[in-house]
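Every number for a ligand or one of its atoms is a count from 1 in the order of the listing.
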Amino acid sequence: MKLIETFKLTKQYGDGLYALKDVNFSADHGEWVAVMGPSGSGKTTLINILGCMDSPTSGSARVNDVDLATLSQSEQTTFRREQIGLVFQQFHLIPYLTALENVMLAQYYHSMTDENEAREALARVGLSERLTHLPSELSGGEQQRVCIARALINHPGIILADEPTGNLDEENERIVMQLFRDLHREGHTIIMVTHDHAIGRMADRRVELHHGVLVDLSLTTHEAAEVFDEILEQMWLLGEQKVEPSAETLVVPDVVDSSSALVSMLELGMIKAATEAGLSGPIAYTPKGETRARAIIRRHRLAQKLFFEKFDMNEQQADANACQLEHILSNEVTDSVCAFLGHPSACPHNKPIPRGDCCP
Ligand code: ADP
Ligand code: MG
């Protein structure tokens, strides 16, 4: 059973505006899901409903097998206290209370005050030296860390974070994200709204909202493999035209943002950065990537030749079918096709067909 599950969750304002429309969202125990999407797409609305700070117009939201709509006002408060930790983009710290007092105020809200535990919570976010500082005496990153300490004071299983790094510089973003990684490793479930694809990639899964409609961005491994094949293939074609492949010259299928596909391929050892500039400069194959690219191009061009010459298809049809087959032909079948065609050295467009083991 899913820890969090919404069914056709809808929030409508006035006649036409849907902040959320028929959203089916779910998260497993211990999962970290990034909620992405442009401004005004419904991200905060989703977080607020999951945290019982807002209610839907229709549809349902279940957390820990409880339908949130069935909770009374006071049960909602209890639910939030016991299960949810909230981190926002705005810090919402009380300006005349110190860091320690701000955390203790949150304890008070959770019907307990334990100064030692509050100190420990702040130590854990690296703020032992800042206990008596007022928010105005803390940097943005330090204030956000106080907020995280405060959110963790009730040991919540679920952390809802709405653009938690939205107001932070790079260094503080790094520190705060490290905290989230630690929390994830400890088994907290994290639902995090973010604009930032680099942060989104740290999550186990990404979903995106567009005008209140949810799209799951996580590709199946099969889909991802096809995207990577497509990129490897384009690199080959650019190479034939003596053009350096890079994020600029490649046309990456828009099922994923292009930088994230390249980062994944880098991590999988298919490509490498050709210069110091990293992935923002030219890229090159690793031996593994090149072997795979050669095999795809070989399958594609052999299939083209087969369809064009033996099946009497026109070039367009042959091409379209080759695009399908290049992903699924096994090596054995490819070699058989190659032998059947007499081990041709060029495709119908006169592009070289890479040699295979079967070729004389
Ligand atoms: P996001 O967090 O993705 O920027 P929100 O969830 O805050 O988006 O808002 C989604 C949409 O709902 C926006 O178009 C916003 O203007 C609208 N909206 C949010 N709150 C209200 C409200 N109280 N009254 C009317 N419209 C609202
Ligand atoms: Mg928002």
Please tell me whether [X] and [Y] have a donor and an acceptor in their side chains that are separated by less than 3.5 angstrom.
| X | Y | answer |
| --- | --- | --- |
| N116 | E120 | no |
| D162 | T44 | yes |
| Q83 | N64 | yes |
| Q304 | H349 | yes |

* Asked: Going by the order shown, which atoms of ligand 1 are within less than 4.0 Å of some heavy atom of S41?
  -> 1 (P), 3 (O), 8 (O)
If you have a sec, work out which protein heavy atom is nearest [atom] and how many Å separate them, to one decimal?
| atom | answer |
| --- | --- |
| atom 5 (P) of ligand 1 | T45 OG1, 3.6 Å |
| atom 11 (C) of ligand 1 | G40 O, 3.6 Å |
| atom 7 (O) of ligand 1 | T44 CB, 3.6 Å |
| atom 12 (O) of ligand 1 | A19 CB, 3.4 Å |
| atom 3 (O) of ligand 1 | K43 NZ, 2.8 Å |
| atom 23 (N) of ligand 1 | Y13 CE2, 3.6 Å |
| atom 16 (O) of ligand 1 | L17 CD2, 4.6 Å |

* **ligand 1 contact by P38, heavy-atom criterion under 4.0 angstrom** => yes
* **G37 to ligand 1, any heavy atom closer than 4.0 Å** =>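 Checking ligand 1 against G37, which is what was asked, there is no heavy-atom contact under 4.0 Å.
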* F180-H184 aromatic ring centre distance below 6.0 Å ->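 No; H184 has its ring centre 6.0 Å or more from that of F180.
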* Tell me, please, if T44 has any N/O/S atom, main chain or side chain, under 2.8 Å from the Mg ion (ligand 2)? =>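 Yes, T44 qualifies, because one of its backbone or side-chain N, O or S atoms lies under 2.8 Å.
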* Quick check: does G42 get an N/O under 3.5 Å from an N/O on ligand 1? ->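 Right, the criterion is met.
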* Is the shortest distance from atom 26 (N) of ligand 1 to a protein heavy atom below 4.0 Å? -> yes
* How far apart are the C-alpha atoms of D335 and R298, what are their side-chain angles, what is the distance that settles it, and do they pass the salt bridge (Lys or Arg N to Asp or Glu O under 4.0 Å) test? -> CA-CA 10 Å; D335 285 352; R298 181 172 144 75; 2.7 Å; yes
* Determine, step by step, whether R150 and I153 satisfy the side chain to side chain contact (heavy atoms under 4.5 Å, CB included) criterion, reporting the C-alpha distance in whole Å, the side-chain angles of both residues, the deciding distance to 0.1 Å, and the verdict. => CA-CA 5 Å; R150 185 180 58 182; I153 206 71; 5.5 Å; no
* Would E171 and R174 satisfy salt bridge (Lys or Arg N to Asp or Glu O under 4.0 Å), going step by step from the backbone distance to the final call? -> CA-CA 5 Å; E171 171 63 6; R174 201 186 52 70; 3.2 Å; yes
* Asked: Side chain, backbone, both or neither: which part of V193 has a heavy atom under 4.0 Å from ligand 1?
  ->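 Neither; nothing of V193 gets under 4.0 Å from ligand 1.
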* What's the verdict on side-chain hydrogen bond (donor to acceptor under 3.5 Å, both in side chains) for E31 and H29, showing C-alpha distance, side-chain angles and the deciding distance? -> CA-CA 6 Å; E31 198 176 23; H29 278 273; over 6 Å; no
